[in-house]
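Both backbone and side-chain heavy atoms feed into the values below; hydrogens, waters and symmetry mates do not.
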Amino acid sequence: MPLNAKNSPEYFIWETHGIHVGTGNDHVKHGVDELDKIIELAIKNGHPNITFIIHTPRLTRYRYEAEKRLDVKFIRGDKAYFNYPNQIEEFKRKYSDKINIRYGIELEWLGPDLGMQWNRSKIFQAQDADFVIGSLHFSREGIPYDGSKEETNKLIKIRGGVENYWLGYIEELIEMIDTSWEMIQIVGHLDLPKLYAPIPKPLLELETSDHILARRMRFLLEMISEYNLALDVNLAGINKGCGIYPDMYILNRAKQLDIPISLGTDTHTTQNLGNHYQTGIEYAYDAGYKHYVSFSKSIPEKRPLRNSGYKEEQYKVMNLGIEMLNLRFEDRKQRRIPKFSFGGEYRTFLEHHKNATSLGDFEAIRIRKGDKSITISNSLPENTNQKIKGLYSHHEDNPGVLSMIFNALASEEINVETAYLNSNNDGTATAFLTLSGKEKAINEAVEFVKGTGGDNFFEIHVCDKFDIPELQKGKNYLLEVDGVNLPIAISEQMILSIHNNSSGILLILLSALASRNINVKDLKLGQRGNKGYAILGIDGNSQLVSDVLKKLGPQFFETTHLQLTSEGI
């Protein structure tokens with residue numbers, strides 16, 4: 001977590017539609033070019049986070065009048081857009097101990113044909129963006145909705161009136177969401193045309209009107225809800241004189257549909273950094289919202305609209321669980337907000353989450369999606385004080401040492417049922433394993449380790465009555481995976497494995513990691529039926545970890561590399 005010493009402002013937003021990155025030498029000024037200066041201003045103001053955003057380049061046909069006059073055809077080309085991710089990554093490294101930096105793109109909807117393929121290419125060019133906002137600025141006629149009063153009047157005339165003007169806009173948004181919902185996480189400034197054209201009365205009567213405009217807007221909001229996209233509560237309209245996007249009548253309807261919201265100033269100047277945060281928070285609160293979402297690596301994070309120190313910590317725990325669960329899914333499914341169960345003091349969340357269930361006094365949050373779940377807590381699980389029989393080892397804390405034990409056990413056809421591993425932070429580690437197999441075979445495996453392990457082992461023997469070791473201490477704890485008990489302190493880099501529950505399977509994983517010099521710092525095992533579960537805290541090169549997990553074979557049903565970035569670690 002960034003070490004920004006100054007307290008965060010009382011009203012602060014982890015923005016999504018944040019500060020627009022400038023166009024550099026791409027002909028037309030559009031946003032902030034000197035990013036280091038605005039980062040330093042944010043740090044000075046005590047902001048824990050800053051979010052940058054850039055428009056994707058457009059097809060030549062879609063240009064504002066100013067661009068046409070200057071004959072600008074490649075607005076936001078190589079100089080700004082293509083170098084954007086690298087530029088942000090440099091700033092992340094430079095300011096890593098002072099502020100959290102996020103970045104995303106605003107995807108310009110340019111139609112379902114060539115425009116759609118164009119947009120797919122632009123998403124790839126902005127690799128690893130934290131989010132994608134889908135926005136509609138240009139009509140299919142090539143005239144912008146937010147260009148000028150003159151351009152708006154021109155399009156109104158072409159379409160035959162204000163209502164048809166708005167109807168065309170809504171239909172294009174429906175087309176955008178229907179076609180690109182898997183590519184985006186947020187729908188930008190939903191009622192953008194109100195900048196230069198009045199909102200027709202039917203859109204202000206969404207609850208009662210049977211007008212075509214009201215019916216289509218209701219359908220549009222239902223689509224956003226069904227695809228679980230977030231709605232951009234955009235504060236830029238305050239400075240432009242048309243009010244926050246979207247209008248309160250629309251936002252109230254969105255709340256009824258339980259559509260999540262993100263917030264942002266959508267600013268293009270340093271002067272507006274942090275402006276209107278309080279207004280935006282109160283606006284969303286008045287619509288009935290108690291929290292909003294921000295995004296990191298396309299994964300949604302929930303945040304309270306009105307902070308208290310304890311509540312903020314609760315949200316950090318929940319966001320860490322969301323990240324851990326979502327990393328188990330392919331990219332297109334990671335972006336969807338899962339379902340929840342809350343227990344203990346986390347039950348205060350129940351009133352704000354539809355379809356959430358209670359865990360009673362169990363001090364935990366269960367995050368669910370499909371057949372996968374993660375149960376997480378910031379409370380250290382109680383030790384059962386149970387005495388059990390198993391194998392104890394005190395050994396050097398180096399890559400490959402643990403795999404020596406598993407190798408010897410597998411050679412005697414012994415299966416490891418549960419494991420407790422602790423890195424002692426002194427160059428040594430201790431392990432306790434419960435086993436299934438004949439006692440003679442277990443003893444022979446132990447003797448084999450003693451004979452071949454050399455100086456790696458200080459002590460290794462079978463214990464008749466051993467106290468289950470305490471967990472490593474952490475800020476937060478994983479308690480269960482898919483309902484299987486796997487208590488472990490959460491660390492920045494972990495591996496979750498679900499595999500065939502038989503002898504030697506875990507040896508494959510441990511050997512593969514040792515071959516890449518990846519050290520196992522913590523380990524817990526569990527089982528259900530023919531499935532074995534393992535969660536490992538590891539230390540080593542993350543790219544090598546990801547590469548080796550792809551090569552383990554069909555005995556492994558799931559191997560997820562949990563490289564975690566959440567504030568809750």
message: Using the side-chain contact (heavy atoms from CB on, under 4.5 Å) criterion, which residues pair with A197? Sequence neighbours excluded.
response: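 In terms of side-chain contact (heavy atoms from CB on, under 4.5 Å), with neighbours along the sequence ignored, A197 is linked to T152, I156, Y165, W166.
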
- prompt: Which of parallel (below 30°), tilted (30 to 60°) and perpendicular (above 60°) describes F138 and Y62?
  reply: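 Aromatic pair F138/Y62 classed perpendicular.
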
H353 ring center within less than 6.0 Å of F342 ring center: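 Distance test on ring centres: under 6.0 Å, yes.
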
K149 atom NZ: more than 12 heavy-atom contacts under 6.0 Å: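 Enclosed.
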
message: Does Y249 have more than 12 heavy atoms from other residues, nucleotides or ligands lying within 6.0 Å of its OH?
response: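 Check fails, neighbour count at 12 or below.
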
Indicate yes or no: does [X] engage [Y] in a salt bridge with an N to O separation below 4.0 Å.
X	Y	result
E205	K201	yes
E301	R102	yes
E141	R159	yes

Residues R303, E567; criterion salt bridge (Lys or Arg N to Asp or Glu O under 4.0 Å); working and verdict: CA-CA 12 Å; R303 299 190 179 276; E567 302 164 86; 2.6 Å; yes

- request: Find out whether the Lys NZ or Arg CZ of K302 is both under 6.0 angstrom from the six-membered ring centre of Y292 and within 45° of the ring's axis.
  value: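 Output no; distance or angle outside limits.
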
task: Apply side chain to side chain donor-acceptor pair (under 3.5 Å) to the pair T16 and S294, showing each step before the final yes or no.
output: CA-CA 6 Å; T16 300; S294 59; 6.0 Å; no

query: With sequence neighbours left out, which residue pairs that include part of residues 82-91 fulfil the salt bridge (Lys or Arg N to Asp or Glu O under 4.0 Å) condition?
result: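 Found E89-K92.
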
message: Could you check whether E163 and H211, counting side-chain N and O atoms only, form a donor-acceptor pair closer than 3.5 Å?
response: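 Present: a donor and an acceptor within the cut-off.
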
task: Starting from the C-alpha separation in whole Å, work towards a yes-or-no answer on salt bridge (Lys or Arg N to Asp or Glu O under 4.0 Å) for D482 and R366.
output: CA-CA 10 Å; D482 302 344; R366 181 172 294 134; over 6 Å; no

